[in-house]
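Written out below as structure tokens is the structure these notes cover.
In what follows, chains carry the letters A, B, and so on, assigned in the order in which the sequence lines appear, proteins first and then strands, with residues in each chain numbered from 1.
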Amino acid sequence: MAGVAVLMVDISTRKTIGFSILGTIDLMQLAQVTCVFLVLPLVFLRESHVAVDFITERFPSRLQAIVHAVAALLGIALLGAILWYSWGQAAIQLRQGDRSVTLGIPMAFYWAPLLLGTCLSIFASVVVLFRAFGKR
Amino acid sequence: MTGTMAGMLGFAAVLALIALRVPVAIAMGVVGAIGYGLVFDWSTLGFVLGRAPFESVYPDSLTVVPLFILMGVFAAYGGLSRSLYNLVTAAIGHWRGGLAMATVGACAVFGAVCGSAIATAATMGRVAMPEMRRMGYDDRLATASVAAGGTLGVMIPPSILFVIYGLMTEQSIGKLFAAGVLPGILGMLLYMAAIRWWTGRRPELGRPAPPAAGIERRRALVQVWPVLVLFGVVLGGMYAGFFSPTEAAGVGAFGAVVISWLAGRMPRAEFFRAVQETATTTGMIFMILIGAGIFNYFISATGLTDQLIQAVRDTGLSPWTVMVLLMVMYFILGALMDELAMVLLTVGPVFKLVVALGFDPIWFGVMLVTVCEIGMILPPVGINLFVIQSVANVPLATVVRGISPFVAADTIRLVILALVPALATWLPGRMSG
């Protein structure tokens with residue numbers, strides 16, 4: 001919503017008095033990165049992913065639970081790898097003092113939601129894993 | 001093992017994992033990471049896993065995705081669907097099968113402010129199903145008309161599928177939106193023709209409703225004008241070159257929020273639910289983009305795309321034969337998996353093949369979205385079938401039994417688009433900028 005507000009002010013001032021808000025793109029990108037990565041744990045916790053279950057729903061419930069747990073484990077493994085290597089990339093950008101193009105926002109601000117969101121998504125996946133075992 | 005073989009095995013592995021209910025994003029990410037390590041280099045895999053998630057979310061060109069989702073969700077929550085349905089029902093509800101046709105028409109107009117087939121079907125279903133049941137419509141016709149009509153949401157701009165296709169293939173989103181207008185209208189007319197044909201053979205399925213009085217029609221028109229203005233500003237602004245797609249999406253999102261608020265249809269609880277739904281839908285789509293980003297590193301490393309193009313050339317098949325085979329492949333994939341995932345999984349290599357064969361990329365985007373629409377109403381995993389099953393509280397078999405005339409209508413549309421590509425390319429060709 002904050003992104004929409006910034007964009008609307010920018011459009012209206014640019015199209016009417018020819019004045020553009022400096023760094024709209026930087027702010028929109030920051031809003032986007034923050035929104036996407038901080039909402040990912042909720043997506044994992046609620047299992048709101050796109051998944052196909054018309055085959056597994058025919059499985060016996062015990063097998064369904066195992067398949068469910070394997071899916072959660074794969075998610076944890078992938079997210080763990082992403083967190084580990086993203087941490088490295090973020091550290092490099094922090095050391096180099098990289099900043100956004102127009103407003104000069106430190107890139108660490110863009111990486112922080114990624115790291116936090118991925119970390120929380122791992123915890124959410126662990127909850128899903130225990131839930132799957134609980135179904136057995 | 002050759003790169004091509006590894007690439008093909010990678011696709012097979014993703015499909016196998018998806019069949020085992022592994023989320024599409026995770027399946028693509030895991031196979032992409034392992035495949036990249038095996039085919040290319042384990043030592044650089046860290047770079048891929050460290051960069052791909054950030055690169056999949058950071059680009060400003062992607063800002064258009066959450067903004068159009070926001071616009072669609074607020075249009076759905078804001079009760080705009082009721083006004084649209086009243087207007088179209090007032091116009092054609094007194095025809096035989098008229099309420100089902102009105103449902104399709106209202107879906108088409110609602111699709112003009114909502115880029116999601118699921119949201120369109122769910123929203124219109126809640127409005128149209130009680131009305132059709134009250135008039136004694138058969139559940140097969142009623143549910144199938146909503147399920148099929150809902151798919152128009154991804155053809156008539158703005159469309160999330162066009163946005164994703166445009167971003168993945170570096171095509172103009174504005175031109176893709178313009179390209180979807182005429183095929184979307186054609187789809188609506190063909191669905192209406194299917195209803196007309198069906199109720200002609202079985203009039204008891206959908207008897208005419210009493211004609212609306214003139215005052216009812218005028219009242220419906222007054223209620224609906226803000227929606228039409230919003231659509232006109234968003235698409236007209238883009239078409240005239242006044243707005244970029246991101247700006248149009250921002251204006252659309254802002255407009256949908258304001259219209260819902262002014263109409264008093266958005267209490268605080270609904271507002272927060274809409275924001276929450278926007279956020280989770282955005283997160284879900286971007287997670288697939290992250291998975292696809294990792295998978296695409298792997299596919300690039302295999303060199304599969306170039307070898308696929310060469311292999312197709314070596315077979316000596318004509319471009320149109322290849323196109324038909326591709327459409328058949330998408331029919332099958334669409335029946336088995338989610339359309340967004342299908343596009344993200346396949347569009348990289350397929351797009352390059354199609355362009356190498358001399359087809360227009362904008363036209364192919366429209367063909368692809370049309371096949372996606374069919375996939376959304378094809379069992380066993382046509383998502384709109386499940387949406388309507390849930391909204392109407394009927395057995396899935398009821399919806400499936402009614403869907404075949406609409407699948408036939410979509411297939412006819414696909415053939416018409418193949419025979420008359422100008423239906424998709426004429427409007428984009430006349431765009432400013």
- prompt: When rounded to the nearest 0.5 angstrom, what distance separates CG in A:L73 from CG in A:L78?
  reply: 12.5 Å
statement: CG of A:L116 to CG of A:L38, rounded to nearest 0.5 Å, is 5.5 Å
Pick from [options] with the largest number of heavy-atom pairs that fall under 4.5 Å of chain A:
{"options": "B:G250, B:G46, B:A25", "result": "B:G46"}
{"options": "B:A253, B:A52, B:G50", "result": "B:G50"}
{"options": "B:T63, B:L17, B:I288", "result": "B:T63"}
{"options": "B:I26, B:T246, B:V48", "result": "B:I26"}
{"options": "B:I18, B:T282, B:I285", "result": "B:I18"}

Which atoms of [X] approach chain A - backbone, side chain, both or neither, heavy atom under 4.5 Å:
{"X": "B:P66", "answer": "side chain"}
{"X": "B:I290", "answer": "side chain"}
{"X": "B:T281", "answer": "neither"}
{"X": "B:L67", "answer": "side chain"}

Using a 4.5 angstrom heavy-atom cutoff, name the option from [options] with the most pairs to chain B.
{"options": "A:I55, A:V70, A:V36", "answer": "A:V36"}
{"options": "A:L42, A:T56, A:L79", "answer": "A:T56"}
{"options": "A:A71, A:G117, A:A77, A:A90", "answer": "A:A71"}
{"options": "A:Q64, A:M28, A:Q32, A:H49", "answer": "A:Q32"}

message: Quick check: B:F47 with B:Y36 (ring centres under 6.0 Å apart)?
response: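 No.
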A:F37-B:F286 aromatic ring centre distance below 6.0 Å: no
query: For residues A:T34 and A:Y110, is any side-chain donor paired with an opposing acceptor at under 3.5 Å?
result: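 Result is no, nothing qualifies.
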task: Check the surroundings of atom CZ in B:F40: do more than 12 heavy atoms from other residues, nucleotides or ligands lie under 6.0 Å from it?
output: no
field: Heavy atoms of other groups near A:I25 CD1, more than 12 under 6.0 Å
entry: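 Atom CD1 in A:I25 is not crowded, with 12 or fewer foreign heavy atoms closer than 6.0 Å.
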statement: The side chain to side chain contact (heavy atoms under 4.5 Å, CB included) partners of B:A121 (sequence neighbours excluded) come to B:N384, B:V387, B:I388
task: Give, as side chain, backbone, both or neither, the part of A:L40 having an atom under 4.5 angstrom from any heavy atom of chain B.
output: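 A:L40 touches chain B through side-chain heavy atoms alone.
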query: Contact part of A:I82 toward chain B, heavy-atom cut-off under 4.5 Å: side chain, backbone, both or neither?
result: both
- line: Smallest heavy-atom separation, B:P379 atom then B:L385 atom, equals N-CD1, 3.7 Å
message: Minimum heavy-atom separation for B:Y297 and B:R51, please, with both atom names.
response: OH-CB, 4.4 Å
- request: Mind running side-chain hydrogen bond (donor to acceptor under 3.5 Å, both in side chains) on A:Q89 and A:W111 for me, showing each step along the way?
  value: CA-CA 9 Å; A:Q89 289 287 327; A:W111 281 89; over 6 Å; no
message: With a strict 4.5 Å heavy-atom criterion, list every residue of residues 98-106 of chain A that contacts chain B, or say none.
response: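 No residue falls under the 4.5 Å cut-off.
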query: Taking 4.0 angstrom as the limit, do A:R131 and A:E47 come out as a salt bridge?
result: yes
message: Using the rule given for ring-ring contact (aromatic ring centres under 6.0 Å, His included), can you reason through B:F271 versus B:F74, listing the C-alpha separation, both sets of side-chain angles and the distance that settles it, and then say yes or no?
response: CA-CA 8 Å; B:F271 176 84; B:F74 271 82; 5.6 Å; yes
